[in-house]
Protein chains: 2
Amino acid sequence: MSTVLKALHLLDFFDEQTSSFSLNELVTLSGYTKSKVRRYLLDLLEGNMIEYCSSTNTYRIGLMPLRLAKVREACTPMQAAIDNEVRNLSHKLNESVHCCIEIGGHILRISVVQSKKKNRIVLPLGEKVPWHASASGLAILAFSSEEKVLRILNKSLPSFTEYTVTDINTLKEKLTVIQQRGYSVSENMLENGISSVAVPFFNPQQQACGALSVVMPSIRFGPFYSQLPIDLILRSAKKATSLTLGQFPKCFPGHNKQVLYAN
Amino acid sequence: MSTVLKALHLLDFFDEQTSSFSLNELVTLSGYTKSKVRRYLLDLLEGNMIEYCSSTNTYRIGLMPLRLAKVREACTPMQAAIDNEVRNLSHKLNESVHCCIEIGGHILRISVVQSKKKNRIVLPLGEKVPWHASASGLAILAFSSEEKVLRILNKSLPSFTEYTVTDINTLKEKLTVIQQRGYSVSENMLENGISSVAVPFFNPQQQACGALSVVMPSIRFGPFYSQLPIDLILRSAKKATSLTLGQFPKCFPGHNKQVLYAN
DNA sequence: TACTATGTTTCAAATAGTGAAACGCCAGTT
DNA sequence: AACTGGCGTTTCACTATTTGAAACATAGTA
């Protein structure tokens, strides 16, 4: 593994919950030796990827990512495009809609719009979502390489409810179904009473890089699913894809324009 | 120079104008050998810092910077804090106010609020500002290391008006004055008819990382400067500094609370 | 004062980075 | 079809950078 990659790996630990670390904390988290971590941190510091706060002896994200994000958003305004699609879709369906993208091996929720209904699902922004127990995670996995699927699912997976599927073979079968349908469904898999439908979207390399998901109380899911507005959801996913210069792969169903509904 | 830093250096070339590059373009820009650049790009790719677009054979900024920027803004909302100070200051002075920060060796304007007066200065957001011919640039330089000053000023500097100073020794004298006063002044240096005053602000390492600047038609500058509301401007700069967890250095004048006015 | 937890420095050993050159591929030209 | 130039890819011997362990420094605490 290259030095550059090892250094960049340190950045993976920073998130909204834990946004700054001391040297020793990163030593523990990364498993690298102290000298290694220190050297990397100094390099990242000089490259403006992180900042050092001398009063607390901790490191946090620096200004360079801000600049780079600005550059990226300036030429391909993904965040704006996605926020827009999520808002539209939520407005049309009057259910909560959220969008997750995969970064650094995790799925992160980067956009949410809540339903206006009294009984609705409220999802925190920036949260990590489990691969195997969310419609979004499965939607992405279904259009990922076999190797990646194995890497992610081939470990002991946590069970959240009695409906969480943790067996790799059952999960693989689920993925096959999702590949055929083009969307995934989660009923009470992550938390009892919450159900959702997700459609993946793709990056320029035609890899699934995120998913749009409609999420609601399970009590409303039956009627919703029986006349699933998959066209609407798909259209949003395609728009999000094209706005970020991505491309749906040939293997995606509905290339033949025939969309499969419920069951 | 470490490998990590050399790899990160490639990211410096990406900006709003030129947001994607082929391998060879980066070879030319960086002066590195082809093998080197390629290796670095692959590492950055795997670290999600960049994306590869196979249809154009070019690289552009990836998703990781987006994530990191989000993390940073979530814990220290710099952009929001600065926008706020710029708005306040502009409102109080009724002149255009803007804020620049230094990223990757350049000064970028990241926040602007226009004066409400008919005759006012309108500045584009995201523009690069020259180090030697702007109040902001000089304000930052005055509180930067000698080595950095030399690196930046020790090349042939463009002349914008007959008032642009391009001689390094004259510029250095200017910097000394700014160090004593805590603010910098630009009269017609970048464009005839535009004058401004700038105060630097600082990051946690007490390095000048940006500047707040009040800018107006030169015709109003005399009266303005004769009773310069430096306290107001300084207070805004200090607030911007503290909100981003930064710290003014000991060497900054006014630690003794005595503020020097005009001339 | 001693103790502990943290960050810093050092240096020989070894791993990972390096540049040059050869290679393969594609598109445009003759 | 053969030639050409431009670009990305692969390879490999050489060596410079990275590495880990251990000693050192410093700050906070009992």
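So that the names make sense, note that chain A is the first sequence line, chain B the second, and so on, each numbered from 1. For the numbers below, each heavy atom of this structure counts, side chains included, while hydrogens, waters and symmetry mates do not.
- A sub-4.0 Å separation between OP1 or OP2 of D/dT19 and a side-chain N or O of A/Y40 is present.
- Between the CG atom of A/L41 and the C1' atom of C/dT6 there is a distance of 14 Å, rounded to whole Å.
- The two residues A/T166 and A/P158 make their nearest non-hydrogen contact at CG2-O, 3.7 Å.
- One can place CG of B/L44 at 13 Å from P of C/dG17, the figure rounded to the nearest angstrom.
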Which is it for A/D43 and B/S2 under the side chain to side chain donor-acceptor pair (under 3.5 Å) test, yes or no, and what are the steps along the way?
-> CA-CA 7 Å; A/D43 287 342; B/S2 75; 3.0 Å; yes
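- Between the side chains of B/S22 and B/N57, no donor-acceptor pair of N or O atoms lies under 3.5 Å.
- Put simply, NZ on A/K36 is 19 Å from P on C/dT8, counting in whole angstrom units.
- Note on ring orientation: taking the six-membered ring where Trp is involved, the planes of A/F21 and A/F14 are perpendicular (angle over 60°, cut-offs 30° and 60°).
- Residues from residues 21-30 of chain A placing a heavy atom under 4.0 Å of any atom in DNA chain D do not occur.
- A ring-ring contact (aromatic ring centres under 6.0 Å, His included) check over residues 54-79 of chain A, counting only residues at least two apart or in different chains, returns the pairs A/Y52-A/Y59.
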Output one line per pair: protein atom, nucleotide atom from nucleotides 10-17 of chain D, and distance, for all N/O pairs under 3.5 Å.
{"unit_1": "D/dT10", "atom_1": "OP2", "unit_2": "B/R38", "atom_2": "NH2", "d": "3.0"}

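- In this structure, SG on A/C209 lies 10.5 Å from CG on B/N48, to the nearest 0.5 angstrom.
- Seen from the ring of A/Y32, A/K6 does not count as a face-on cation partner, given the 6.0 Å and 45° thresholds.
- Residue B/K34 places a side-chain atom within donor-acceptor reach of the base of D/dG8, judged by atom type and a 3.5 Å distance cut-off alone.
- Atoms OH (A/Y32) and C1' (C/dA16) sit 14 Å apart, rounded to a whole Å.
- Distance CG (A/N57) to P (C/dT8): 7 Å, rounded to an integer number of Å.
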Let me see the working for A/E173 and A/N169 under side chain to side chain donor-acceptor pair (under 3.5 Å), right down to the final yes or no.
-> CA-CA 6 Å; A/E173 285 166 25; A/N169 291 316; over 6 Å; no
